[in-house]
2 protein chains.
Amino acid sequence: MPSTHIIPTLDDVAKAAGVSTATVSRCLNTSEKVSERSRLKVMKAVEMLGYTPNFGARAMAAKRTFTIGAIIPTMENAIFARGLQAFQETLYANGYTLLVSSTAYRPDVEAEQIKALIARGADGLLLIGYERDHSIYKYLERRGVPTLIAWAFAQDSALPTIGFDNRASMRALCDKVLDMGHKKIGFISGIIAGNDRASERLQGVKEGMRARGLDPNDMPVCESTYEIENGANAFETIMQGAYTPTVVMCGNDVLAVGAMQRAHEMGLKVPQDVSITGFDDIELARIVSPQLTTVHVPHREMGSRAAEELTRMVEHVSTGVSCQLDSSLRLRGSLRVLD
Amino acid sequence: MPSTHIIPTLDDVAKAAGVSTATVSRCLNTSEKVSERSRLKVMKAVEMLGYTPNFGARAMAAKRTFTIGAIIPTMENAIFARGLQAFQETLYANGYTLLVSSTAYRPDVEAEQIKALIARGADGLLLIGYERDHSIYKYLERRGVPTLIAWAFAQDSALPTIGFDNRASMRALCDKVLDMGHKKIGFISGIIAGNDRASERLQGVKEGMRARGLDPNDMPVCESTYEIENGANAFETIMQGAYTPTVVMCGNDVLAVGAMQRAHEMGLKVPQDVSITGFDDIELARIVSPQLTTVHVPHREMGSRAAEELTRMVEHVSTGVSCQLDSSLRLRGSLRVLD
DNA sequence: TTGTATGCGTTATCAT
DNA sequence: ATGATAACGCATACAA
């Protein structure tokens, strides 16, 4: 391999342009403070040498990176991908760059990623959900890194949140299900440990049952990772139990689609033999047949609002204000009225 | 807001532990070169102060970041998400961190992101597809950043590639379609400009037609961004034209699913009235009904192999060797034999 | 408008 | 095994 590569520095550019490094730096950052003549010379040198500023050095000198970090559970779920896309677009429009990493739903990995992004000089952070070890909040606080929590809303959170009320949303869907005459519900939940969204959703259903005098303890609940195949297995487990529900509510659309698939394979017709509901309203929900009854969440809006607010926080124009978004029911073919 | 935050540095840790900065640094990097006693003192101080190394400073001093950058067109397509997940897992196992950014299929944004990642000290880069401006390759070459190209395979590429032959894969599917008696094909393509995968796939179909004495110019081709809704619109456009195909082949599964939806809405039965094929074999392909005939691509394998090879390149044990993976046909209900 | 000089937090070289 | 110190590349306060 080529023994050494010429990586041009500010100094090289300055020499080539016949000016000082300060002028080059000014030219690249606050170009209005530089004469047109110098600017041209510098730009030519930059072009010629293929110069790119060293980010680490810049961050160290300026204590500012115009970088925002986001840490999400997984890229494989469309809801994060979509919200993040909007987040990134809005950030970009405001002059910021987004750095993303994912945790595979592992709290220890998340803690690590938070430190990694902060070490990289992220000016602000976006996290998903509010449930995490207290030491992390302490760390964030001490470093003074503006942090916003999305995909969840909570009045009393230590950090500002932007999102919707997972419990109330699922409760609303549950109320509807009960309105339609269902009395025996089965529930397929995401893994609850460390995931406030999953846990809130389950609570929402239990709440709804209690309100109608039904005992939540009767309800078969199956925890599963958010994968189609696992949703399918969970569905089978539930349907083969002694307690046969007339409706299986799922923690998200991915699980619900898995349930629908398995129902089909088991020879059960949806919604004639069993109703199924989801949560999130991802594209998938309208692609399966029958279409999936679910809770619609404004992912894109959440993403762009989060970007706006986080930008304000980073620029010290806001200390972080929470924002609750509305979710809404999407009643489709997978849920039917019980005769 | 709190006027200032205490961000502990190596120096603070050294003071607190009563050792020199050198010892702290060694302790954090090559801990075997430090006495057990010092190590304990240092670790305690690190813990107490909540110290996180400054990445920029470290990169500048060590000229090494253990960071790999990946630039993909979009996070919203499952094929990238999936392959990248595997890429990231393998990287992580090898002690590297992944930084991801997306371009929304815009070449100018890609160029920018490449520079951004390099400025951030990425030890290596993963890019999608080989079609890009020559100046970018020159820049990469000059900086000496190990770069690997994935999602495409090309013998004569300037950079090592890992992937499959998009043209041959689509050609194989086209051959199959023609074998089944179809003679009138419509094609929904992704946007071809700047996207070698899209263009190769279209070429594959044209090649297949020519081989059977059919004129590719007769084939209606509709370009569309990779979105379900746009695939649907493209399908409608094609079917309403004078030339009514018996099969509509699509540049990827997302477009194909859009086509299937619109077919349904138009009262056309798949595959009785019209056959539809996709490309990629994402989960969606087995969720729609009828299930989608498509080309299966080993995304996860591609991701992890890319990680292995790129790691080798970064560590100078390889100068980059290309690797061709096999794709295979998945014949499912959406394609039927023409009577 | 421009240049000079200093500091940012880390690693690595060289002594000890 | 440990400590002192010189880079690393950039932004900025200050001087001119």
Side-chain angles (χ1 to χ4, degrees), chain A residues 4-43 45-46 49-67 115-116 118-123 143, chain B residues 4-43 45-46 49-67 115-116 118-123 143:
Chain A
T4 182
H5 285 271
I6 311 92
I7 302 182
T9 69
L10 243 208
D11 220 68
D12 297 324
V13 177
K15 285 206 181 71
V19 299
S20 74
T21 60
T23 298
V24 178
S25 175
R26 276 190 285 260
C27 190
L28 264 33
N29 299 298
T30 52
S31 66
E32 68 279 7
K33 293 185 171 182
V34 146
S35 75
E36 180 66 8
R37 200 166 138 278
S38 303
R39 212 177 59 75
L40 255 43
K41 283 194 297 187
V42 169
M43 287 320 192
V46 166
L49 295 172
Y51 169 75
T52 308
N54 178 309
F55 187 82
R58 169 178 278 189
M60 208 169 7
K63 304 193 163 310
R64 192 76 200 282
T65 63
F66 289 96
T67 296
K115 294 192 176 181
I118 289 184
R120 282 182 160 77
D123 294 334
R143 303 283 305 211
Chain B
T4 181
H5 285 271
I6 310 92
I7 303 182
T9 69
L10 245 206
D11 220 67
D12 299 324
V13 176
K15 284 205 181 72
V19 299
S20 72
T21 61
T23 297
V24 178
S25 176
R26 272 190 287 261
C27 190
L28 265 32
N29 300 297
T30 52
S31 66
E32 69 277 7
K33 292 186 172 182
V34 146
S35 75
E36 181 65 9
R37 202 168 136 277
S38 302
R39 211 176 59 77
L40 255 43
K41 283 194 297 187
V42 169
M43 286 319 191
V46 165
L49 296 172
Y51 168 76
T52 308
N54 179 309
F55 187 81
R58 171 177 274 187
M60 208 166 13
K63 305 196 163 311
R64 192 72 201 286
T65 63
F66 290 96
T67 295
K115 293 192 178 181
I118 289 184
R120 281 185 160 76
D123 293 335
R143 302 285 304 212

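Residue numbers start from 1 in every chain, and the chains themselves are labelled A, B, ... in the order their sequence lines are given, proteins ahead of strands. Computed over heavy atoms, backbone and side chain alike; hydrogens, waters and symmetry mates excluded.
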Whole-Å distance separating the [atom1] atom of [X] from the [atom2] atom of [N]:
X	N	atom1	atom2	answer
A:Ile7	D:dG9	CD1	P	8 Å
B:Asp11	D:dG3	CG	P	13 Å
B:Lys41	D:dG3	NZ	C1'	13 Å
B:Asn54	C:dC8	CG	C1'	8 Å
A:Arg26	D:dT12	CZ	P	10 Å
B:Glu36	D:dA1	CD	P	12 Å
A:Lys63	D:dA11	NZ	P	14 Å
A:Lys33	C:dT1	NZ	P	10 Å

A:Met60, nearest nucleotide to its side chain (from C:dT11, C:dT4, C:dG9):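 Out of C:dT11, C:dT4, C:dG9, the nucleotide with an atom closest to A:Met60's side chain is C:dG9.
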Between C:dT4, D:dG9, C:dC8, which one does the side chain of A:Thr9 approach most closely?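 Of the options given, the side chain of A:Thr9 lies nearest D:dG9.
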Might you point out which heavy atoms bring A:Gly121 and A:Thr65 nearest each other, and give the distance in Å?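 Nearest heavy atoms, A:Gly121 then A:Thr65: O-OG1, 2.6 Å.
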For [X], answer base if it contacts any base atom (sugar-phosphate contacts may also be present), sugar-phosphate if it contacts only those atoms, and nothing otherwise; contact means non-hydrogen atoms under 4.0 Å.
X	result
B:Tyr51	sugar-phosphate
A:Leu10	sugar-phosphate
B:Ala62	sugar-phosphate
B:Ser35	sugar-phosphate

Any luck finding a side-chain donor-acceptor pair between [X] and [Y] under 3.5 Å?
X	Y	value
A:Thr67	B:Arg120	yes
A:Ser38	A:Arg26	no
A:Asp11	A:Thr21	no

Contact nearer the 5' end of DNA chain D, comparing A:Gly56 with A:Thr30: A:Gly56
Check whether any side-chain N or O of [X] sits under 4.0 Å from OP1 or OP2 of [N], and answer yes or no.
X	N	answer
B:Thr23	D:dG3	yes
B:Ser25	C:dT11	yes
B:Ser38	D:dT2	yes

Would the distance check show the side chain of B:Thr30 and the main-chain N or O of B:Lys33 forming a donor-acceptor pair, the cut-off being under 3.5 Å?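 Checking the backbone N and O of B:Lys33 against the side chain of B:Thr30, no donor-acceptor pair under 3.5 Å is found.
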Assign each of A:Ala57 and B:Ala59 to its nearest nucleotide of DNA chain C by heavy atoms, then name whichever residue's nucleotide is nearer the 5' end. A:Ala57
